Amino acid sequence: VSPIDGVVTMINATVGSQATPGIPLATVASIGQMRVRCQVGYDEIMQLNVGQTAHVEIPTSSGRTRAGGGQRESIEGKITRVSLSSDPSSRLFLVEITVDNSEGKLRSGVITTASVLVDEQDDVIAVPADALIEREGNLFIFKVDSNRATLTEVTYGMDNGTLLEMTSGVAEGDSVVVRGQHQLTDQVRVKIHSVERND
């Protein structure tokens, strides 16, 4: 008799075999609520708190989260645990997210992706993080004007891992080199090619 209601996820016994004390005959999991365990670095842990809303991405049938284009499906949850100390071996901090899984879309043991909105800014200028290049400890981009690439020092504020908020060096309407910038030199002539976007 199982002490909880749930789903049998593993059977360790076979018909006719002898039961051994201390070894479970079966494993039963309650999947109405699921806990997603994540490990994050120091910079991330300082922005996370119990009670914050998180979104857990639903894996595909292959067990992978949906990458690339297309609408992603996710389940909303809450951060229910934020570790105060890191794992000595990995130096990462444990974060647990509890989600309502009453529809059974998440399964125990799968690998998924979780995201948490920690800050938000409206009406900002942002460029792809890959557009920046570092030289002598400072950050630069190449702005294009009259078919010439001008090396311009910039500073940024918020960083979501993909886009950077530009706080200086870039104005609305500026053309910025986002591909091939590492091969450019200041004031070199360039030819602009349009790139078809899928998003």
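Just so we're clear, the structure is a prediction, and the values are computed from it rather than from any experiment. We count residues from 1, following the sequence as given.
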Count the heavy atoms belonging to other residues, nucleotides or ligands that lie under 6.0 Å from CE of Met158, then report whether that count exceeds 12.
-> yes

Consider only side-chain heavy atoms of I, L, V, M, F, W and Y, link residues closer than 4.5 Å, and tell whether Leu163 and Ile125 are in one cluster.
-> no

same_hphob_cluster(Val190, Val176) at 4.5 Å side-chain heavy-atom cutoff =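 Looking at the clustering, Val176 is in a separate group from Val190.
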
Atom pair [atom1] ([X]) and [atom2] ([Y]), whose distance is rounded to the nearest 0.5 Å:
X: Leu151; Y: Gln181; atom1: CG; atom2: CD; answer: 11.0 Å
X: Asn101; Y: Thr98; atom1: CG; atom2: OG1; answer: 11.5 Å
X: Asp123; Y: Glu172; atom1: CG; atom2: CD; answer: 9.0 Å
X: Lys105; Y: Ser74; atom1: NZ; atom2: OG; answer: 9.5 Å

All N/O donor-acceptor pairs, side-chain side in residues 39-56, below 3.5 Å, sequence neighbours left out:
{"from": "Glu44", "atom 1": "OE1", "to": "Gly41", "atom 2": "N", "distance (Å)": "3.2"}
{"from": "Gln47", "atom 1": "NE2", "to": "Asp43", "atom 2": "O", "distance (Å)": "3.2"}
{"from": "Gln52", "atom 1": "OE1", "to": "Asn49", "atom 2": "N", "distance (Å)": "2.5"}
{"from": "Gln52", "atom 1": "NE2", "to": "Gln47", "atom 2": "O", "distance (Å)": "3.3"}
{"from": "Thr53", "atom 1": "OG1", "to": "Lys78", "atom 2": "NZ", "distance (Å)": "2.8"}

Would you please test Met166 and Tyr156 for side chain to side chain contact (heavy atoms under 4.5 Å, CB included) and show each step?
-> CA-CA 4 Å; Met166 294 288 98; Tyr156 70 90; 3.6 Å; yes

Side-chain donor-acceptor pairs of residues 83-94 under 3.5 Å, sequence neighbours excluded:
{"from": "Ser83", "atom 1": "OG", "to": "Ser85", "atom 2": "N", "distance (Å)": "3.3"}
{"from": "Ser83", "atom 1": "OG", "to": "Ser85", "atom 2": "O", "distance (Å)": "2.6"}
{"from": "Asp87", "atom 1": "OD1", "to": "Ser89", "atom 2": "N", "distance (Å)": "2.8"}
{"from": "Asp87", "atom 1": "OD1", "to": "Ser89", "atom 2": "OG", "distance (Å)": "2.5"}
{"from": "Asp87", "atom 1": "OD1", "to": "Ser90", "atom 2": "N", "distance (Å)": "3.4"}
{"from": "Ser90", "atom 1": "OG", "to": "Leu92", "atom 2": "N", "distance (Å)": "3.3"}

What residues form a salt bridge (charged side-chain N to carboxylate O under 4.0 Å, His left out) with Arg189, not counting sequence neighbours?
-> none

Got a list of side-chain donor-acceptor pairs under 3.5 Å for residues 129-148, not counting sequence neighbours?
{"from": "Lys143", "atom 1": "NZ", "to": "Gly169", "atom 2": "O", "distance (Å)": "3.2"}
{"from": "Lys143", "atom 1": "NZ", "to": "Asp174", "atom 2": "OD2", "distance (Å)": "3.4"}
{"from": "Arg148", "atom 1": "NH1", "to": "Gln187", "atom 2": "O", "distance (Å)": "2.7"}

For the residue pair Gly157 and Thr167, what are the closest heavy atoms and their distance?
->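 Where Gly157 meets Thr167 most closely, the heavy atoms are N-CG2, 3.6 Å.
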
Sequence neighbours excluded and cut-off under 3.5 Å, please list the side-chain donor-acceptor pairs for residues 11-35, or say none.
{"from": "Asn12", "atom 1": "ND2", "to": "Pro24", "atom 2": "O", "distance (Å)": "3.0"}
{"from": "Ser17", "atom 1": "OG", "to": "Thr14", "atom 2": "N", "distance (Å)": "3.3"}
{"from": "Ser17", "atom 1": "OG", "to": "Thr14", "atom 2": "O", "distance (Å)": "2.7"}

Which pairs count as salt bridge (Lys or Arg N to Asp or Glu O under 4.0 Å) when at least one residue sits in residues 13-34, sequence neighbours excluded?
-> none

In a check of side-chain contact (heavy atoms from CB on, under 4.5 Å) between Val36 and each of Ile75, Thr80, Ile79, Ile97, which one passes?
->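 It is Ile97, the one option of Ile75, Thr80, Ile79, Ile97 that forms the side-chain contact (heavy atoms from CB on, under 4.5 Å) with Val36.
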
